[in-house]
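Worksheet: the structure to be examined is printed underneath.
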Amino acid sequence: MELNAAWADQWMRLSAAALSENRQRLTTLDREIGDADHGENMDRGFGAVVEKLDADGVPETPGAVFKTTAMTLMSKVGGAAGPLYGTAFLRASTAAGAAPALGPAELVAVLTAARDGIVARGKAEPGDKTMIDAWTPAVDAAVTAEAAGAAPLEILTAAANAAEAGLAGTEPLVARKGRASYLGERSAGHLDPGAASTALILQAAVSAAEEAA
Amino acid sequence: MELNAAWADQWMRLSAAALSENRQRLTTLDREIGDADHGENMDRGFGAVVEKLDADGVPETPGAVFKTTAMTLMSKVGGAAGPLYGTAFLRASTAAGAAPALGPAELVAVLTAARDGIVARGKAEPGDKTMIDAWTPAVDAAVTAEAAGAAPLEILTAAANAAEAGLAGTEPLVARKGRASYLGERSAGHLDPGAASTALILQAAVSAAEEAA
Amino acid sequence: MSVGLVVVSHSRKLAEGVCELAAQMAADVSIAAAGGTDDDGIGTSLEKIMAGIAATDSGEGTVLLTDLGSAVMTAESALEFLDPEQQPRVRMADAPLVEGTVAAAVAAQTGRNVAEVTAAAESAGASY
Amino acid sequence: MSVGLVVVSHSRKLAEGVCELAAQMAADVSIAAAGGTDDDGIGTSLEKIMAGIAATDSGEGTVLLTDLGSAVMTAESALEFLDPEQQPRVRMADAPLVEGTVAAAVAAQTGRNVAEVTAAAESAGASY
Ligand SMILES: Nc1ncnc2c1ncn2[C@@H]1O[C@H](COP(=O)(O)OP(=O)(O)O)[C@@H](O)[C@H]1O
Ligand SMILES: Nc1ncnc2c1ncn2[C@@H]1O[C@H](COP(=O)(O)OP(=O)(O)O)[C@@H](O)[C@H]1O
Ligand SMILES: [Mg+2]
Ligand SMILES: [Mg+2]
Ligand SMILES: [Mg+2]
Ligand SMILES: [Mg+2]
């Protein structure tokens with residue numbers, strides 16, 4: 001199994017499918033502590049990514065796929081998730097460089113760069129009840145797995161599972177960034193929508209890697 | 001000569017005529033240190049006052065004329081001058097009460113109430129480069145004239161002349177209230193548009209009194 | 001029923017846009033746009049403000065948000081024309097228009113009273 | 001030529017209304033509305049912001065004003081895509097949208113430079 005351009009392409013397509021299926025769920029989460037559009041935003045954004053990938057034809061590198069994804073999300077999402085995921089994939093693209101495929105170390109570098117991009121853009125810290133609360137444990141788990149000699153699929157699996165746990169951990173938190181912060185204490189008791197979309201996207205990376213295996 | 005309802009009615013009509021004639025001039029003043037609409041605002045407002053007076057028929061008291069004027073200006077002027085002159089005439093109406101005509105003391109009470117209404121609404125102090133810089137010397141001059149035993153026409157003349165001088169005095173001032181305050185130091189070197197309309201309105205009161213004489 | 005809001009602006013479009021933005025996070029709050037003069041020119045309208053208060057005060061009260069100083073003066077004039085019974089529950093917020101309205105809308109949506117909604121507007125920062 | 005402005009908002013109407021209001025006091029300043037998503041829904045558009053910068057920067061620079069935090073993030077992303085030559089003269093103002101834009105417009109109208117226009121926006125109060 002190789003994390004090559006075909007994998008990256010399939011990652012984006014499976015993300016699009018998962019976000020489309022979960023559109024209603026994400027929007028419902030965002031209705032509780034936001035403006036009820038996160039599902040629509042993500043579905044529109046990743047739908048446009050798939051269209052762009054179709055139009056562009058088979059990409060040469062994972063980095064090229066991430067770049068297309070970044071530009072499209074920045075333009076099409078419309079909400080906070082647009083510049084956040086857009087910056088994540090732009091930094092991921094830079095980290096991936098021209099490599100035809102990502103080995104364990106490159107994969108960790110890509111995930112780390114994505115998370116750092118979100119932090120640079122949104123200035124959120126762990127515990128602020130944002131997508132960072134899914135990304136940070138995911139990156140930590142990936143780093144640990146890679147250090148223990150894991151293969152790419154295992155690293156991705158560890159990251160996705162940690163993101164899922166991070167998502168669950170957002171429930172009791174009081175939001176300190178993003179729209180939900182307007183609610184103050186009343187934001188507690190709800191999952192963060194952006195953490196939920198992050199968990200779906202990282203799970204899609206696992207599924208794409210399993211298919212490629 | 002009596003400052004009765006016919007005088008008050010004619011005061012408003014002559015104000016409307018003067019503001020209409022000076023529409024361009026007031027707007028030009030407001031272009032320098034504001035948003036270029038004071039002439040239009042005042043012309044529209046007093047035009048509507050005349051229409052309302054026409055529709056209502058001959059009023060019974062000066063107070064009734066001021067009340068109609070107040071309500072119409074509040075509704076139709078659209079700019080800061082609306083609530084300011086609206087409040088001025090509303091307070092003037094209250095001060096005039098049900099009196100069929102204003103003697104010297106009542107006239108001074110009416111002018112004072114008008115000025116106090118503008119201060120209550122706009123919180124401007126003398127020297128802030130607003131219409132208060134025409135109203136305050138006008139009221140002071142009226143008080144002095146009345147104390148010296150002047151007749152209504154002389155009191156009005158003293159007030160109008162003082163307003164004109166007050167207008168001239170706004171030129172070097174730096175605006176501290178109203179839109180012109182956005183310009184800071186650059187508001188100096190221009191006459192205040194609201195002080196200019198005040199001078200016209202007080203001059204119209206004189207002309208109406210002269211006609212009535 | 002929640003506290004209502006009136007967005008007082010010199011521009012009709014601006015007032016409507018602020019309502020549209022605030023409504024996103026406050027689906028159940030009654031928010032009225034009072035923007036532009038009676039004939040939709042640039043300026044404020046006493047009538048539109050009075051109508052906005054009447055439309056949004058369900059008995060819980062209404063908070064008015066304003067753009068420039070002359071909107072503040074027109075709104076304060078409108079308050080003076082209210083019934084003495086209604087007056088105590090209609091408040092002006094001294095807050096930036098867009099940021100204050102969004103914060104007030106969220107506060108109203110979560111059931112705060114008129115003093116709390118006013119305070120939420122007044123403590124709103126320029127951005128989240 | 002003066003410094004230009006771009007009004008970045010989640011609502012097209014809101015952005016246009018702010019431009020209309022600010023233009024009143026700044027007849028000669030180039031002010032672009034970048035409101036709503038590409039298809040005019042509620043949200044922000046990178047393209048509209050980039051187009052707004054291109055339309056308003058005559059070489060003197062442009063100041064961006066934003067409504068909510070996600071508009072800030074989209075605008076900051078747009079800045080990263082600018083030519084390095086243009087970047088230093090395009091600034092974000094940390095200011096309330098309506099009040100900041102009006103203050104910035106007046107400052108630009110009176111010939112201030114991009115740093116001064118930004119500072120004027122940032123020191124704008126909620127009302128005059
Ligand atoms: N400053 C931030 N840093 C990190 N994540 C953020 C930030 N602001 C918002 N988010 C994330 O974005 C999600 C909301 O996205 P979305 O609904 O698309 O945007 P919007 O709030 O503009 O409608 C939140 O659930 C949160 O995870
Ligand atoms: N707070 C205030 N107190 C007293 N007068 C004021 C105040 N604000 C503005 N004015 C007066 O209003 C005049 C401008 O009126 P107008 O052009 O009709 O209003 P706007 O500024 O809303 O366009 C100014 O020239 C000034 O005399
Ligand atoms: Mg949302
Ligand atoms: Mg949104
Ligand atoms: Mg004006
Ligand atoms: Mg005006």
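The figures that follow rest on heavy atoms only: side chains count, while hydrogens, waters and symmetry mates do not. Throughout, protein chains are lettered first and strands after them, A, B, ... in sequence-line order, and every chain is numbered starting at 1.
Residues C:M92 and C:L79 have side chains in contact (heavy-atom distance under 4.5 Å, counting atoms from C-beta outward). Within the 4.5 Å cutoff, no side-chain heavy atoms of C:P96 are placed close to those of D:L97. Looking at heavy atoms from C-beta onward, D:V63 lies in side-chain contact with D:V114 at the 4.5 angstrom threshold. At a threshold of 4.5 Å between non-hydrogen side-chain atoms, the residues D:R112 and D:S2 do not count as touching.
For D:R89, the salt bridge (Lys or Arg N to Asp or Glu O under 4.0 Å) partners are D:D57, D:E85, not counting sequence neighbours.
D:N113 places a side-chain N or O within 3.5 Å of a backbone atom of D:E116 that can act as its donor or acceptor partner.
For residues 28-41 of chain C, heavy-atom neighbours of chain D at less than 4.5 Å comprise no residues at all.
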